[in-house]
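Accompanying notes for the structure given below.
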Amino acid sequence: MQQFQQYIGGVFSDGSARFESRDPATGKPWAMMPEARAADVNAAVDAAEAAFLAPVWAGMTASGRGKLLYRLADLVAENAQTLAQLETRDTGKIIRETSAQIAYVAEYYRYYAGLADKIEGAHLPIDKPDMEVWLRREPVGVVAAVVPWNAQLFLSAVKIGPALAAGCTVVLKASEEGPAPMLEFARVFDQAGFPPGVLNIITGFGAECGAVLTRHPKVDHVAFTGGPETARHIVRNSADNLASTSLELGGKSPFIVFEDADIESAVNAQVSGIFAATGQSCVAGSRLVISAKIKDAFLARLKEKAEAVVIGAPADVATEVGPLCTQGQVRTATDLVALSVAAGAKLITGGKPLERDGQYFPPTIIDCSDAPDAPCLSNEFFGPVLSVQSFETEAEALKIANDTKFGLASGLFTKDLTRAHRMIRGIRAGIVWVNTYRAVSPIAPFGGHGLSGHGREGGLQAALDYTKVKAVWLRTSDDPIPDPFVMR
């Protein structure tokens, strides 16, 4: 089996233990991964702290950091196909998605390379005539970045890029489910010329790796992408080190279609929104909120497209939907669909695992218009399962859209721009896509509200989140400071 190593202080090593990684397409082991435990975590954080304090990094100009990030972007682009193949092998994401996504990841590093010397402070028009006061933005320190298995290279880029641009150092914990692309990325990063310890990459399990990292006394900020339950543990852990946190969590995103929408365009966007990435996306448009006037026609066309999707091996370029990453996801999808049908929902298509090797679950549509309490409406599947609700009025559509504990993304399809603006104001979500879905850019921030977390990734705001503000006061008068105990 292929062997992978962790990356600490610029050195590759095997870690305290090893564990098998399984191919989701076959269910069989294919590689051995390094399992980081407390000693490895401590070594990684120590290396990051030493790099943060070392003059070679701490004294580097912002433009110098930018040049290194440009070099990293070029190396990611050069190695995109290798990285994509590893992500496909270890997570089951189809090759056509990993190839396109990782090629675009390089643009995130280029964006933050260009932003590195544009993180500015400010001069304050202070109300004291003999004082000059200005604000400096300085790096927050050592960052613990924790990413899930889906889209690891992308989800790490939106943390590593702004953190290094700001002058921080990073310990990144790759998911124990499918860590191969991140461990290979360490080899790419090693070629870019950063000082040792600026980025450290490990993987391991919760109690002996993740918990040790997120509560470590030398960690200043925790950037996490994953589920709400793990996020709660991280927030509790941060009480030990008082680290700041940014949390990009799950979603149960509404996909709202009004009767005047371009039906074919909306159907195609819905297919992309829920079945692309096999539904394993935090921004998946997993709740179709459809006008009752067009519901039947829309679902008929959607069912036709869902059943025509090519399900196959993730490494096959013809495949459109691949396997789920874990057996746990298959069980969750199966159980929630069954419970929803028992609650009165109508199964339109799919609903059961495929009888073949690997962890395959077909595109599934459940009509919950007459089952408002169906569990599929409130629980995140992280799989290709779409729940449907219909509405009669705009107010009802908005109420259904906001009937969730999450608040990450949303989609809105209508040709009525005044209605669109009303809905944009009313939807409680960090992202609103209008007549499109799943569009991303390094220039635009993304993040959510409620159980979808807090903080933003992407854009200028992400870089600012890795800084702290220092106020500097300079007295400009040559007169002696008056004796504070002499009354005048």
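For the single chain, residues carry numbers from 1 onward in sequence order.
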Specify the closest pair of heavy atoms between [X] and [Y], including all atoms of both residues, with the distance to one decimal.
{"X": "Cys282", "Y": "Leu408", "answer": "O-CD2, 3.4 Å"}
{"X": "Asp465", "Y": "Gly455", "answer": "OD2-CA, 4.4 Å"}
{"X": "Pro314", "Y": "Tyr360", "answer": "CD-OH, 3.7 Å"}
{"X": "Phe406", "Y": "Ser452", "answer": "CB-OG, 3.5 Å"}
{"X": "Val440", "Y": "Tyr104", "answer": "O-OH, 3.7 Å"}
{"X": "Trp57", "Y": "Gly167", "answer": "NE1-O, 3.0 Å"}

Assess whether side chain to side chain contact (heavy atoms under 4.5 Å, CB included) is satisfied between Gln270 and Leu386, documenting all intermediate values.
-> CA-CA 9 Å; Gln270 179 66 92; Leu386 177 68; 3.7 Å; yes

Is any side-chain N of the basic residue among [X] and [Y] closer than 4.0 Å to the acidic one's carboxylate O?
{"X": "Glu87", "Y": "Lys93", "value": "no"}
{"X": "Lys28", "Y": "Glu20", "value": "no"}
{"X": "Lys218", "Y": "Glu49", "value": "yes"}

Can you check whether [Y]'s main-chain N or O pairs, donor with acceptor, with [X]'s side chain at less than 3.5 Å?
{"X": "Gln280", "Y": "Cys325", "value": "yes"}
{"X": "Thr319", "Y": "Val321", "value": "no"}
{"X": "Thr364", "Y": "Gly350", "value": "no"}
{"X": "Ser410", "Y": "Ile431", "value": "yes"}
{"X": "Arg22", "Y": "Trp30", "value": "no"}
{"X": "Ser175", "Y": "Glu177", "value": "yes"}
{"X": "Asp357", "Y": "Thr26", "value": "no"}
{"X": "Tyr111", "Y": "Gly161", "value": "no"}
{"X": "Lys305", "Y": "Arg301", "value": "no"}
{"X": "Thr467", "Y": "Arg137", "value": "no"}

Testing Val434, Val432, Val289 for side-chain contact (heavy atoms from CB on, under 4.5 Å) with Ile256, which one passes?
-> Val289

For Thr214, the option from Val219, Thr230, Val146 that meets side-chain contact (heavy atoms from CB on, under 4.5 Å) = Val146

Can you tell me if CZ on Arg438 sees more than 12 non-hydrogen neighbours from other groups inside 6.0 Å?
-> yes

Is there a side chain to side chain contact (heavy atoms under 4.5 Å, CB included) between Tyr108 and Ile160 once you walk through the steps?
-> CA-CA 10 Å; Tyr108 279 81; Ile160 295 170; over 6 Å; no

Does any non-hydrogen side-chain atom of Phe194 lie less than 4.5 Å from one of Leu69?
-> yes

Check whether any side-chain heavy atom of Phe154 sits under 4.5 Å from a side-chain heavy atom of Ile102, and report yes or no.
-> no

Write out all pairs satisfying salt bridge (charged side-chain N to carboxylate O under 4.0 Å, His left out) with one or both partners inside residues 444-461, taking only residues at least two apart or from two chains.
-> Lys159-Glu457

Checking [Y] against [X]: is there a side-chain donor and acceptor pair closer than 3.5 Å?
{"X": "His216", "Y": "Asn241", "answer": "no"}
{"X": "Thr349", "Y": "Glu307", "answer": "yes"}
{"X": "Thr332", "Y": "Gln329", "answer": "no"}
{"X": "His454", "Y": "Ser246", "answer": "no"}
{"X": "Arg18", "Y": "Gln3", "answer": "yes"}
{"X": "Thr98", "Y": "Thr88", "answer": "yes"}
{"X": "Tyr7", "Y": "Asn200", "answer": "no"}
{"X": "Asp14", "Y": "Gln5", "answer": "yes"}
{"X": "Asp40", "Y": "Ser16", "answer": "yes"}
{"X": "Lys252", "Y": "Asn379", "answer": "no"}
{"X": "Asp90", "Y": "Trp149", "answer": "no"}

Rounded to the nearest 0.5 Å, how far does [atom2] of [Y] lie from [atom1] of [X]?
{"X": "Leu199", "Y": "Cys168", "atom1": "CG", "atom2": "SG", "result": "12.5 Å"}
{"X": "Met33", "Y": "Met182", "atom1": "CE", "atom2": "CE", "result": "12.5 Å"}
{"X": "Ser286", "Y": "Phe275", "atom1": "OG", "atom2": "CZ", "result": "11.0 Å"}
{"X": "Leu86", "Y": "Gln152", "atom1": "CG", "atom2": "CD", "result": "11.0 Å"}

By salt bridge (charged side-chain N to carboxylate O under 4.0 Å, His left out), which residues pair with Arg37, not counting sequence neighbours?
-> Glu35, Glu208

Show your reasoning for whether side chain to side chain contact (heavy atoms under 4.5 Å, CB included) applies to Ser99 and Gln81.
-> CA-CA 6 Å; Ser99 297; Gln81 194 57 34; 3.6 Å; yes

Could you check Arg356 against Ile311 for side chain to side chain contact (heavy atoms under 4.5 Å, CB included), going step by step and ending with a plain yes or no?
-> CA-CA 11 Å; Arg356 58 187 294 177; Ile311 303 172; 4.0 Å; yes

Near-ring test Phe413/Trp433, centroid separation under 6.0 angstrom = no

Using the six-membered ring of Phe12, assess whether NZ or CZ of Arg187 lies under 6.0 Å from its centre and within 45 degrees of the ring axis.
-> yes

Got a sec, which residues hit side chain to side chain donor-acceptor pair (under 3.5 Å) with Glu107, two or more places apart in sequence or on another chain?
-> Arg110

Specify whether Phe185 and Tyr109 have parallel, tilted or perpendicular ring planes, treating 30° as the upper limit for parallel and 60° as the lower limit for perpendicular.
-> parallel

